[in-house]
Amino acid sequence: MRMLLLLILIGAAAYFTVPTRETHEAAARALMQEQAQAQAGAVREQSGISLDSVVDFVTGMVAGRGRYENFYVASKFTVDM
């Protein structure tokens, strides 16, 4: 009986602490900005236009669109890169 009560309490706590979509988006944007700044430093060392830079530009235009999934006790946010 104690184990069942403990599982119910853990489930209720998990349900009320699931991050929202906005929280996931903010964390994903911060991570993408850090990676973009790191890549910008590497790109400055190169000169000219390469196929990789064109592909990175095109994928960057569609980056940031994500899918949010709520599993009631956990959530998942997937960003298309």
Student: How about Tyr72: does its OH atom have over 12 heavy atoms from other parts shown lying under 6.0 Å from it?
Tutor: no

Student: Which value, rounded to the nearest 0.5 Å, describes the distance between Glu25 atom CD and Thr20 atom OG1?
Tutor: 8.5 Å

Student: Apply the hydrophobic cluster definition, ILVMFWY joined by side-chain contacts under 4.5 Å directly or through others, and give me every member besides Leu4.
Tutor: Ile8

Student: Going hydrophobic residue to hydrophobic residue with side-chain gaps under 4.5 angstrom, can you get from Val18 over to Phe77?
Tutor: yes

Student: Any chance you could measure Gln37, atom CD, to Gln35, atom CD, to the nearest 0.5 Å?
Tutor: 11.0 Å

Student: In chain order, what residues pass the ring-ring contact (aromatic ring centres under 6.0 Å, His included) check against Tyr68, with sequence neighbours excluded?
Tutor: His24

Student: Sequence neighbours left out, what passes salt bridge (Lys or Arg N to Asp or Glu O under 4.0 Å) with Arg2? Give chain and number order.
Tutor: none

Student: If Ile, Leu, Val, Met, Phe, Trp and Tyr residues are connected whenever their side-chain heavy atoms lie under 4.5 Å apart, and connections chain through other members, are Leu9 and Met3 in the same group?
Tutor: no

Student: Looking only at atom types and distance, does a side-chain atom of Thr23 sit under 3.5 Å from a main-chain N or O of Pro19, one as donor and one as acceptor?
Tutor: no

Student: Rounded to the nearest 0.5 Å, what's the gap from OG1 on Thr78 to CD on Glu69? Could you check?
Tutor: 5.5 Å

